[in-house]
Chemist: 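Please read through the structure below; I'll follow up with questions.
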Number of protein chains: 2
Amino acid sequence: MDRTAKEDTGVKQQILRRIYLFSGIGEADLSTLARMAVKKTFPRQATIFSEGKEAQGFYLLITGQIKMVKSSLEGKEYIIRLVGPGESFAEAAVFGEIPYPATAIALEDCLTLFFPKGPFLQHLAASPALARNMLATLSRLMFHLTKQLEDLSLKEVSARLARYILERCQHTHGEIAAGLQCELPTTKTQLAAYLGTISETLSRTLSRFKSLGLIEVDKGKITIVDPVALHKMAQGNKS
Amino acid sequence: MDRTAKEDTGVKQQILRRIYLFSGIGEADLSTLARMAVKKTFPRQATIFSEGKEAQGFYLLITGQIKMVKSSLEGKEYIIRLVGPGESFAEAAVFGEIPYPATAIALEDCLTLFFPKGPFLQHLAASPALARNMLATLSRLMFHLTKQLEDLSLKEVSARLARYILERCQHTHGEIAAGLQCELPTTKTQLAAYLGTISETLSRTLSRFKSLGLIEVDKGKITIVDPVALHKMAQGNKS
DNA sequence: CGGCCTGTTGATGCGACTCAATTCAGGTGG
DNA sequence: CCACCTGAATTGAGTCGCATCAACAGGCCG
């Protein structure tokens, strides 16, 4: 019993070592963090936490994919963020004395590590490097949020989609060029919610891009045909 | 010369003591911060920094008001955030190795304290309390950004305006009730940009609210008449 | 007084959401 | 192995919110 717990902590420490958030953190600190981390699994479709609820701690996604959503009364939803393995989520709720700002839902079966608020904050005070990493993480999230605000307020759907495709390509291949292929996350309905629109509009926009010779669509994959025109499309604004 | 510099630092330290970001910070640390802070003034309409430029540090607004904006090619702009006295801005750019995410423009003559990136980061590593405050500040900003995203993606203009009025009232009087009055920031054109719309639409929406008996409008001031209906309006979504 | 900026009001057009019908793919059970 | 069911994707027609364009009124200042 005691021995398996110790082994378990060791495994968790191994995992933490590879996470960006904990880069540059000493082994002793990692060990402390590994001990406080609680393994939590969630099946597909499960709600991990709900908007407005008091924050108990934050999560680190190990495997699977989750979405953070805001939803309206009639069930329409906007996906604030898609979270992949190695990323943390709900960090902000831990520091600001604020409730969870959105609802987290598992898109696939997920394995997470949960860091309880109290112990984590206590440890944070003793680890400037961790605080620094956390600040960097939050800053980059904020940067992304402001980009989304810009998109929603100033750009139309076609520009948002074009930018998304380019970003996805950049993220996957490290460059943007004709012929490169990238795949869409989960379903198109999800992507539509992420782009702040609905599946019908996304479908129409994709087929318009196709007929304009910007992209090729095959199943869940998109091949870039005309990167230059796509880039110009991404700049376009509501004018 | 040396003496005036010392007095100057003392004055700055006095100021810092009252700022939320530095609450709970010891006098020695405050003194260090006061010494590194550079007084910078900006006339009305001045650009403090521009989106995309490399971040040199962040600012603390002492007097005046500034707006952080994203603008499109044709000159239409969206105000991400209005900053008042006592608030810091551009903090995130300092931690994330990212450029300034938006452009900062003075709406009035402004006095600011500028904290250069290097010295501030160095000091941050030695002050867990400061790091903690900074995390709390960023978290609350993020919370606000996600609310804005929700508004833009799921709500229509009338709901956004209703929520804004209620928030303003809450912020000014600490409660929401019929008869309470709150004032609008700068011009209505600015407010429109903050709500993600344009002045014409804002004007129409305000007069509709008035004819519905929700509010009274007088010059730059708004008086709440029907808080319940206003609250219901704020929930409304695009359906 | 004449310019300028802000705000208001009307007419028009466009983008995108809604609703509805249909097709398609995947998984299940008989 | 095929019929069936469910959820996703597509396509068309209609509607609506809101941006655009344009004209005009009021306040402020040189």
Side-chain angles (χ1 to χ4, degrees), chain A residues 44-45 67 71-79 105 107-108 151-162 183-212 215-222 233 236-239, chain B residues 44-45 67 71-79 105 107-108 151-162 183-212 215-222 233 236-239:
Chain A
R44 199 173 112 86
Q45 303 278 27
K67 63 177 176 182
S71 41
S72 70
L73 302 173
E74 291 87 350
K76 188 181 170 191
E77 66 178 28
Y78 173 69
I79 298 181
I105 294 175
L107 289 174
E108 312 163 6
D151 270 11
L152 283 179
S153 60
L154 300 174
K155 310 274 185 70
E156 50 195 35
V157 171
S158 56
R160 304 209 283 271
L161 175 59
E183 52 183 300
L184 303 177
T186 64
T187 67
K188 284 183 187 169
T189 304
Q190 301 293 324
L191 176 57
Y194 182 69
L195 295 176
T197 182
I198 55 176
S199 60
E200 291 98 318
T201 301
L202 175 61
S203 182
R204 281 182 246 271
T205 309
L206 272 174
S207 60
R208 200 170 76 242
F209 278 14
K210 202 165 132 184
S211 70
L212 285 172
I215 58 171
E216 277 304 321
V217 183
D218 174 53
K219 291 264 205 177
K221 303 218 196 295
I222 288 181
M233 182 72 80
N237 37 26
K238 277 181 185 167
S239 82
Chain B
R44 201 173 110 86
Q45 303 278 24
K67 62 176 177 183
S71 40
S72 71
L73 302 173
E74 291 88 350
K76 188 181 170 189
E77 67 179 27
Y78 172 70
I79 299 182
I105 295 175
L107 289 173
E108 312 164 5
D151 270 11
L152 283 179
S153 60
L154 300 174
K155 310 273 186 70
E156 49 196 35
V157 171
S158 56
R160 304 209 284 271
L161 175 59
E183 51 184 301
L184 303 176
T186 65
T187 66
K188 284 185 186 168
T189 305
Q190 301 293 325
L191 177 57
Y194 181 70
L195 294 176
T197 183
I198 55 176
S199 61
E200 291 96 320
T201 300
L202 175 61
S203 180
R204 281 183 247 270
T205 309
L206 272 174
S207 59
R208 201 170 76 241
F209 277 15
K210 201 166 133 185
S211 71
L212 286 173
I215 57 171
E216 276 305 319
V217 183
D218 173 55
K219 290 266 203 178
K221 303 218 196 297
I222 289 181
M233 181 72 80
N237 36 26
K238 277 181 185 165
S239 88

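Worth saying up front: this structure is predicted, and the values here are computed from it rather than measured.
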Chemist: What are the two closest non-hydrogen atoms of Ser153(B) and Lys76(A), and how far apart are they?
Modeler: O-NZ, 4.0 Å
Chemist: With side-chain contact (heavy atoms from CB on, under 4.5 Å) as the test, pick out the partner of Leu195(A) among Leu161(A), Thr205(A), Thr201(A).
Modeler: Leu161(A)
Chemist: Tell me every residue that passes side chain to side chain contact (heavy atoms under 4.5 Å, CB included) with Thr186(A), counting only those two or more places apart in sequence or in another chain.
Modeler: Gln65(A), Leu107(A), Gln190(A)
Chemist: What nitrogen or oxygen pairs link the protein and nucleotides 14-17 of chain D at under 3.5 Å?
Modeler:
none

Chemist: Testing the basics here: between Ser199(B) and Thr189(B), what is the closest heavy-atom pair and its distance to 0.1 Å?
Modeler: CB-OG1, 4.0 Å
Chemist: Who passes side chain to side chain contact (heavy atoms under 4.5 Å, CB included) against Ser71(B), sequence neighbours left out?
Modeler: Glu77(B)
Chemist: List the atom of Arg208(A), the atom of Ser158(A), and the distance in Å for their closest heavy-atom pair.
Modeler: NH2-CB, 3.5 Å
Chemist: Under 3.5 Å between N/O atoms: give me all the protein pairs with nucleotides 26-30 of chain D, atom names plus distance.
Modeler:
none

Chemist: Provide, to the nearest angstrom, the distance between the CD atom belonging to Gln190(B) and the C1' atom belonging to dT6(C).
Modeler: 11 Å
Chemist: Roughly how many Å is it from CZ in Arg208(A) to C1' in dT11(D), rounded to a whole number?
Modeler: 15 Å
Chemist: Nearest whole Å is fine: how far is dG15(C) P from Met233(A) CE?
Modeler: 12 Å
Chemist: Hey, could you give me the OG1/CD distance between Thr197(A) and Glu156(A), rounded to the nearest 0.5 Å?
Modeler: 11.5 Å
Chemist: Note down the inter-axis angle between the two ends of the helix from dC1(C)-dG30(D) to dG30(C)-dC1(D), five pairs each, to the nearest 10°.
Modeler: 30°
Chemist: Please report the distance, rounded to the nearest Å, between CG in Leu152(A) and P in dC17(C).
Modeler: 11 Å
Chemist: Among all residues two or more places apart in sequence or in another chain, which pass the side chain to side chain contact (heavy atoms under 4.5 Å, CB included) test with Lys188(A)?
Modeler: Leu184(A), Leu202(A), Leu206(A), Val217(A)
Chemist: What integer distance in Å separates Asp218(A):CG from dT10(D):C1'?
Modeler: 16 Å
Chemist: Please enumerate all residues that pass side-chain hydrogen bond (donor to acceptor under 3.5 Å, both in side chains) together with Tyr78(A), with sequence neighbours excluded.
Modeler: Gln148(A)
Chemist: What's the NZ-P distance between Lys188(A) and dA8(D), to the nearest Å?
Modeler: 13 Å
Chemist: Return the set of residues passing side chain to side chain contact (heavy atoms under 4.5 Å, CB included) with Glu200(A) (not counting sequence neighbours), or none when no residue passes.
Modeler: Ile198(A), Arg204(A)
Chemist: State the CG-CZ distance between Leu191(B) and Arg160(B), to the nearest 0.5 angstrom.
Modeler: 11.0 Å
Chemist: Quick one: ring-ring contact (aromatic ring centres under 6.0 Å, His included) partners of Tyr194(B), sequence neighbours excluded?
Modeler: Tyr164(B)
Chemist: Tell me the interatomic distance from Leu154(A), atom CG, to dA19(D), atom P, rounded to whole angstroms.
Modeler: 11 Å
Chemist: Starting at atom CD1 of Ile222(A), determine the distance to atom C1' of dA9(D), rounded to an integer number of angstrom.
Modeler: 14 Å
Chemist: With the threshold set at under 4.0 Å for non-hydrogen atoms, list the residues of residues 194-207 of chain A touching DNA chain C in residue-number order.
Modeler: Gly196(A), Thr197(A), Ile198(A), Glu200(A), Thr201(A), Arg204(A)
Chemist: Rounded at 0.5 Å granularity, tell me how far NZ in Lys221(A) sits from CD1 in Ile215(A).
Modeler: 14.5 Å
